[in-house]
Structures are given as C-alpha cells and as structure tokens.
Amino acid sequence: GAVLLTSAPSASADYVRDKQWVIDVINFKKVWAETQGQGVTVAVVDSGVDGSHPDLTGQVLKGLDVTGGGNPEADTDGHGTGMASVIAGHGHGLNNASGVIGLAPEAKILPIKATVADDYNDDQWAKGIRYAVDHGAGVINLSFTDSLASPGSDGAKAIEYAQQHDVVVVAGTGNDG
C-alpha cells in the first residue's frame, strides 16, 4: 500500500477568530493605533442585539424596540448581534483571545430592534434612526435592504435627519451582486 504524507494542520487558538480574515485585510492593529472606538456610540438598527453575548458584555446600552415587542436585546435571528460583534466585539476568555473581535472594541452599541423575521418597514426603522440620533449615536449601522424605501420616504427623511446632525450612516446594499 501507499502511504500519503501530509503536514498536519496547525493548531488553532480559536476557531471563530481564525475565521475573521478581515482582521488581517483591514489591519486592525493600525486602526487601533488611532482609536478603538472610545466614546463612540454605534446604533445597530437590525434584529436586536443580545447584550449577554460573551463578545459583547458591557458594550450594549439600553435601546429601543420599534417592532412593538418591547425588548431590543431579543435578537430574533442573530443578525443584529453578529453585526454588533463585528463592530464592537471585544472577544472573551484569557486576554480576550477567543471569539469575535470588532473594528471598534471600545465603542458602545445602541440596539434598535427594527425587524421580526427579516421584514423591514421604513416607518419602523426610520423611528429607530431618529431615536439613535436623539440618544447620542455618532454612527448608525443599517445592514439590511428595504425595497420599498425610496427618496421622500420616511426612511430617507430619517437618514437626512441623521446627516443634518452629523451622524454617520453606514448602510448595506445587499449580499448579492
């Protein structure tokens, strides 16, 4: 019989952290030499943000649920928590060496729950944007698409309101094409 010789895969310190290829691409350490997000509040308008997630403990502020459910930390599908982790995750474990690390691990997250079952309504997320502006957010993250939003809609007017207050709005354009 033939013997196949290969090198063993290198041991991983943390599977999740190893999957964060963007850490090297963006060069987080260079960014962190300037800032780690101290004093910045980022509103995450999404499916909620689970403030008990180990990579986000201490980062999540009291927010707002505009869906009528009442709890902005009740993340219905994990998307909002995932986005918040990429933004302000600080990892966990010894020296925070495990888990998700975000670009701004010292920023605070203001959770705005604006969807249930991936159903975005611009009346609702517009209320979330206005709430975020009025409650000190310096950045608003909108990682969703709403095909009904258009110039002149409540959502467009809310984004204009944020811009008038010098709040940075970061919006997704979709995951395909």
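Summarising the geometry of V42 relative to A107, their closest heavy-atom pair is CG2-CB, 4.4 Å, with the distance given to 0.1 Å. Nearest heavy-atom pair across V86 and V100 is N-CG1, 4.2 Å. Between I112 and A43, the shortest heavy-atom contact is CG1-CB, 4.4 Å. Taking every heavy atom of both residues into account, G80 and D46 meet most closely at N-OD1, 3.4 Å. Closest of all the heavy-atom pairs between L56 and S85 is CD1-OG, 3.7 Å. The minimum heavy-atom distance between A156 and G152, with the atom names listed, is CB-N, 3.8 Å.
Among residue pairs with one or both ends in residues 64-75, those qualifying as side chain to side chain donor-acceptor pair (under 3.5 Å) are S47-D75, D65-T67, D75-T81; sequence neighbours excluded. Within the structure, the ring pair (Phe, Tyr, Trp, His ring centres under 6.0 Å) test picks out the following pairs touching residues 29-60 (sequence neighbours left out): F28-W32.
Here the straight-line distance linking atom OH of Y161 with atom CD1 of I140 works out to 10.0 Å at 0.5 Å rounding. Separating the NE2 atom in H135 from the OG1 atom in T41 is a distance of 11.5 Å, to the nearest 0.5 Å. One finds the CD1 atom of I159 at 10.5 Å from the CZ atom of R130 (value rounded to the nearest 0.5 Å). Interatomic distance, CD of Q59 versus OG1 of T57, reported as 7.0 Å (0.5 Å rounding). Atom CG of D55 and atom CG of D50 lie 11.0 Å apart (nearest 0.5 Å).
V170 and L103 fall into different hydrophobic clusters, where Ile, Leu, Val, Met, Phe, Trp and Tyr side chains are chained together by heavy-atom contacts under 4.5 Å. A chain of hydrophobic side-chain contacts below 4.5 Å, direct or via other Ile, Leu, Val, Met, Phe, Trp or Tyr residues, connects W125 to Y131. The cluster map of Ile, Leu, Val, Met, Phe, Trp and Tyr, joined by side-chain heavy atoms under 4.5 Å apart, puts V139 and L61 in different clusters. By the criterion of side-chain heavy atoms lying less than 4.5 angstrom apart, applied directly or through intervening Ile, Leu, Val, Met, Phe, Trp or Tyr residues, V169 is grouped together with F144 in one hydrophobic cluster. A chain of hydrophobic side-chain contacts below 4.5 Å, direct or via other Ile, Leu, Val, Met, Phe, Trp or Tyr residues, connects V60 to M83.
For E160, the side chain to side chain donor-acceptor pair (under 3.5 Å) test picks out Q164, with sequence neighbours left out. The side chain to side chain contact (heavy atoms under 4.5 Å, CB included) test applied to K127 returns V66, not counting sequence neighbours. Considering only residues two or more places apart in sequence or on other chains, A126 meets the side chain to side chain contact (heavy atoms under 4.5 Å, CB included) condition with D154, A158. When the side chain to side chain donor-acceptor pair (under 3.5 Å) test is applied to T35, the partners found at least two apart in sequence or on another chain are Q38.
Taking the side chain as every heavy atom from C-beta outward, L142 and I129 approach each other to under 4.5 Å.
In terms of modelled atom types and a separation under 3.5 Å, the side chain of K157 and the main chain of P151 share no donor-acceptor contact.
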